[in-house]
Amino acid sequence: MTAKALSQRDLATVIGLEVHVQLETDTKIFCGCSTDAAEDEEPNTRTCPVCLGLPGALPVLNEGAVEAAVKVGKALDATVAEHTRFHRKNYYYPDLPKNFQITQYDAPICADGTLEVSVEGERREVGIERAHLEEDPGSLQHKGGSIDTADYTLVNYNRAGTPLMEIVTKPDFRSPQETRAFLAKLEEVLEYLGVFDATRDGSLRIDANISMVPADEVGDDGSIADETLAAANRTEVKNISSHKGAEKALAYEVTRQKNAISRGRAIEQETRHWDESRGITVSMRSKEEEKDYRYFREADLPPLEVADWKEKIDIPELPDARRERFREEYGLDSESASKLTSTKEVADFYEDVADKFDPSLAATWVADNLLGELNYRDMQITEITHRLDEFTRLVELVDAGDITTKNAEEVVLRRMLDDGESPDDIVEAEGLGAADNDEVVTAVTEAIEENPDAVEDYHAGEGGAINFLVGQVMQKTGGSADPGDVNQMLRDELDE
């Protein structure tokens, strides 16, 4: 179909993703070099003859990388191949020291999986075509600008050989928003598996393939005929490093393609670079075809067999299952269960607290109070997991009535996070122990006697009067009285 004819029809967006996940292993996939980058690391120092592709150096497969791949396959409900093998993907690019990449071609370790995601309140399945192991290339540093404006480019091979798992989806996405929801869910699952660390630089990199097809050729169920997909020119966008970045990059590219088609121009089948600083995609080269890579079997690595081994590899409870269990076991609503399973660390932290206190109280303190204060400070729960006993002690003080909820939230918790102090030390230093009953009774009596106008307003039905009187009592007790109890005591006195 010509570009002019296509421009006269409504268009539908078709997106497929290739997600490169950096697996958490101690060493690289085919050598013993560490994957842990030091902050002051010099370029091209975390290398060896194997990951630099020097003559005579032979690769040896990392068992931990294979185990991680099997876990990913199980979590995606994919078929884990009993027999698989590696290939050489041949192409020249400066970040590839061997001029080929060891990867998997026609025998991926995982295939035919699914991942269920929620998009605008609707749950749907995204098809996973394949997931395979490969080695990471080095990294390029463009000096003086972006890829198309830099004065020169430096190559750092420290990352070369880091184990990657490439997860290839089917072209099941119809909007950039859907891809963001999928990537967020995928990242959540990978973190639960313990095979991925989102804080590592370059830990998740996305290549996206975008096509425009006539909207009337998309079925009611979202399906598109293979012939329609084959006829559409596909643009690949590289250098996307987050699910937020993916949404921005794809929104730009979709708009670019639609504008081109509306002007009667054909979409080139090409590879484009996402320039995050400028918020645009830049043409890099014409898109390669499969035959251009001249795949052939990697002779230095024997075929991989995991038939017996894969059944012994267990995976932990995944996010969706844990959310459902939290609703059933702890009686939590959907919103609280979702917050408390946002990461495995948060879920573990909550269950530790819920083991000692009422689950609803624990949910309020972890999901609302603690996570809220951490988010405000741009902190992660992993930064305070070593202080679980202190946080538990704070909840204990509230549960026993030794301090008020208000003081616990607004004074103690904030000081704990800001200054690293223990809750008992803060309570003692600030004199926050709960007021005894006689002290509160005296404060209630004094507040009523000292504020006759407020008393008159209360009897006249003005709702704000009681709040004013509660504030007066709280002042007199230094905030150590329970506001709810004070409210009731005032009403009892005033209604006599």
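Numbering of residues begins at 1 and proceeds along the displayed sequence.
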Does any N or O in the side chain of Arg387 come within less than 3.5 Å of the main-chain N or O of Met416, such that one atom is a donor and the other an acceptor?
yes
How about CD on Glu276, more than 12 heavy atoms from neighbouring residues, nucleotides or ligands closer than 6.0 Å, or not?
no
Would you find more than 12 non-hydrogen atoms of other residues, nucleotides or ligands less than 6.0 Å from Asp26 atom CG?
no
Judged by modelled atom types alone, do Asn233 and Glu268 share a side-chain donor-acceptor pair under 3.5 Å?
no
side-chain contact (heavy atoms from CB on, under 4.5 Å) between Phe196 and Val189: does it pass, once the steps are laid out?
CA-CA 9 Å; Phe196 170 78; Val189 169; over 6 Å; no
Between Arg377 and Glu373, does a salt bridge (Lys or Arg N to Asp or Glu O under 4.0 Å) hold up when you go through it step by step?
CA-CA 6 Å; Arg377 291 162 175 77; Glu373 293 293 337; 2.5 Å; yes
Do the non-hydrogen side-chain atoms of Arg272 and Arg256 ever get within less than 4.5 Å of each other?
yes
Proximity of Phe86 and Tyr105 rings by center, below 6.0 Å
no
How about Asp308: does its CG atom have over 12 heavy atoms from other parts shown lying under 6.0 Å from it?
no
With the side chain counted from C-beta on, respond yes when Thr392 and Leu388 share a heavy-atom pair under 4.5 Å apart, and no when they do not.
yes
Glu24/Arg200 salt bridge by N-O under 4.0 Å criterion:
yes
Could you label the plane-to-plane angle of the Tyr350 and Phe326 rings as parallel, tilted or perpendicular, counting under 30° as parallel and over 60° as perpendicular?
tilted
Say whether, by atom type as modelled, one donor and one acceptor occur between the side chain of Asn156 and the main chain of Asn44 under 3.5 angstrom.
yes
Under 6.0 Å between ring centres: does that hold for Phe100 and Tyr91?
no
Should Asp10 and Lys258 count as an ion pair when the cut-off is N to O under 4.0 Å?
no
Thinking salt bridges, do Asp348 and Arg322 make one under a 4.0 Å N-O criterion?
yes
Is there side-chain contact between Thr235 and Gln257, with heavy atoms separated by less than 4.5 Å?
yes
Does Lys356 NZ have over 12 foreign heavy atoms under 6.0 Å away?
yes
Using atom types as modelled and distance alone, determine if a side-chain donor or acceptor of Thr25 lies under 3.5 Å from a backbone N or O of Gly64.
no
I'd like to know if the side chain of Asp136 and the backbone of Ala160 have a donor-acceptor N/O pair within less than 3.5 Å.
no
Pairing donors with acceptors under 3.5 angstrom, does anything connect the side chains of Ser277 and Asp275?
yes
Do Glu116 and Arg124 sit within salt-bridge range, that is, some charged N less than 4.0 Å from a carboxylate O?
no
Tell me whether Lys238 is salt-bridged to Glu236, with the criterion being a basic N under 4.0 Å from an acidic carboxylate O.
yes
How far apart are the C-alpha atoms of Glu191 and Lys344, what are their side-chain angles, what is the distance that settles it, and do they pass the salt bridge (Lys or Arg N to Asp or Glu O under 4.0 Å) test?
CA-CA 7 Å; Glu191 287 186 321; Lys344 185 175 183 297; over 6 Å; no
With heavy-atom distances below 4.5 Å as the criterion, would you say the side chains of Leu133 and Leu164 are in contact?
no
I would like to know whether Ser336 and Asp333 meet side chain to side chain donor-acceptor pair (under 3.5 Å); could you show each step before the answer?
CA-CA 6 Å; Ser336 295; Asp333 58 48; 3.1 Å; yes
Between Asp320 and Arg123, does any NZ, NE, NH1 or NH2 come within less than 4.0 Å of an OD or OE carboxylate oxygen?
yes
Only one of His87, Glu166, Gln104 passes side chain to side chain donor-acceptor pair (under 3.5 Å) with His132; say which it is.
Glu166
Could you give me the CA-CA distance, side-chain angles and deciding distance for Leu301 and Phe30, then say whether side-chain contact (heavy atoms from CB on, under 4.5 Å) is met?
CA-CA 10 Å; Leu301 288 169; Phe30 298 122; 3.5 Å; yes
Check: Leu193 and Ile315 side chains under 4.5 Å, non-hydrogen atoms:
yes
Salt bridge check, Lys185 against Glu188: does any charged N sit closer than 4.0 Å to a carboxylate O?
no
Restricting to non-hydrogen atoms, name the atom on Pro97 and the atom on Tyr157 that form the minimum distance, rounded to 0.1 Å.
CD-CE2, 3.6 Å
Heavy atoms of Pro359 and Ala354 approach each other most closely as CA-CB, 4.4 Å
Is Arg159 salt-bridged to Asp201, going by a charged N under 4.0 Å from an acidic O?
no
Is the backbone of Arg234 close enough, under 3.5 Å, to the side chain of Gln269 for a donor and an acceptor to pair up by distance?
yes
Determine, stepwise, if the pair Arg323 / Thr341 fulfils side chain to side chain donor-acceptor pair (under 3.5 Å).
CA-CA 6 Å; Arg323 281 185 196 108; Thr341 53; 2.8 Å; yes
Check whether any side-chain heavy atom of Trp365 sits under 4.5 Å from a side-chain heavy atom of Phe357, and report yes or no.
no
Is there a donor-acceptor pair closer than 3.5 Å between any side-chain N or O of Asn62 and the backbone N or O of Thr27?
yes
Using the side chain to side chain donor-acceptor pair (under 3.5 Å) rule, take Thr162 and Gln22 through it: C-alpha gap first, then chi angles, then the decisive distance, then the call.
CA-CA 7 Å; Thr162 298; Gln22 192 177 103; 5.0 Å; no
With a 4.5 Å heavy-atom cut-off, do Leu58 and Val50 have their side chains touching?
no
Does a side-chain N-to-carboxylate-O contact under 4.0 Å join Lys89 and Asp292?
no
Look at Arg393 together with Glu396 and state whether they make a salt bridge at an N to O cut-off of under 4.0 Å.
yes
Begin from the C-alpha positions of Arg327 and Glu324 and carry the test salt bridge (Lys or Arg N to Asp or Glu O under 4.0 Å) through to its verdict.
CA-CA 5 Å; Arg327 287 194 290 266; Glu324 184 60 32; 2.6 Å; yes
For the side chain of Thr364 and the backbone of Ser360, is there at least one donor-acceptor N/O pair under 3.5 Å apart?
yes
Is there a donor-acceptor pair under 3.5 Å between the side chain of Ser262 and the backbone N or O of Asn259?
yes
Is the closest side-chain heavy-atom distance between Glu253 and Trp274 below 4.5 Å?
no
Does Glu298 pair with Arg85 as a salt bridge, N-O distance under 4.0 Å?
no
So does Glu135 pair up with Lys28, basic N to acidic O under 4.0 Å?
no
Atom NZ of residue position Lys248 - does it have more than 12 heavy atoms of other residues, nucleotides or ligands inside 6.0 Å?
no
Asp77 side chain to Gly113 main-chain N or O, any donor-acceptor pair under 3.5 Å?
no
Evaluate side-chain contact (heavy atoms from CB on, under 4.5 Å) for Glu270 paired with Met284, printing each intermediate quantity in order.
CA-CA 8 Å; Glu270 62 178 340; Met284 292 175 63; over 6 Å; no
Salt bridge (Lys or Arg N to Asp or Glu O under 4.0 Å) for Arg325 and Glu351? Distances and angles first, verdict last.
CA-CA 11 Å; Arg325 180 169 66 80; Glu351 292 217 81; 2.8 Å; yes
Evaluate Val66 against Trp309 for side-chain contact (heavy atoms from CB on, under 4.5 Å), listing each step before the verdict.
CA-CA 10 Å; Val66 179; Trp309 187 48; 3.4 Å; yes
With distance as the sole test, does Thr84 use its side chain to make a donor-acceptor pair with the main-chain N or O of Ala81 at under 3.5 Å?
no
Can you see which heavy atom on Leu61 is nearest to which on Leu304, and at what distance?
CD2-CD1, 3.9 Å
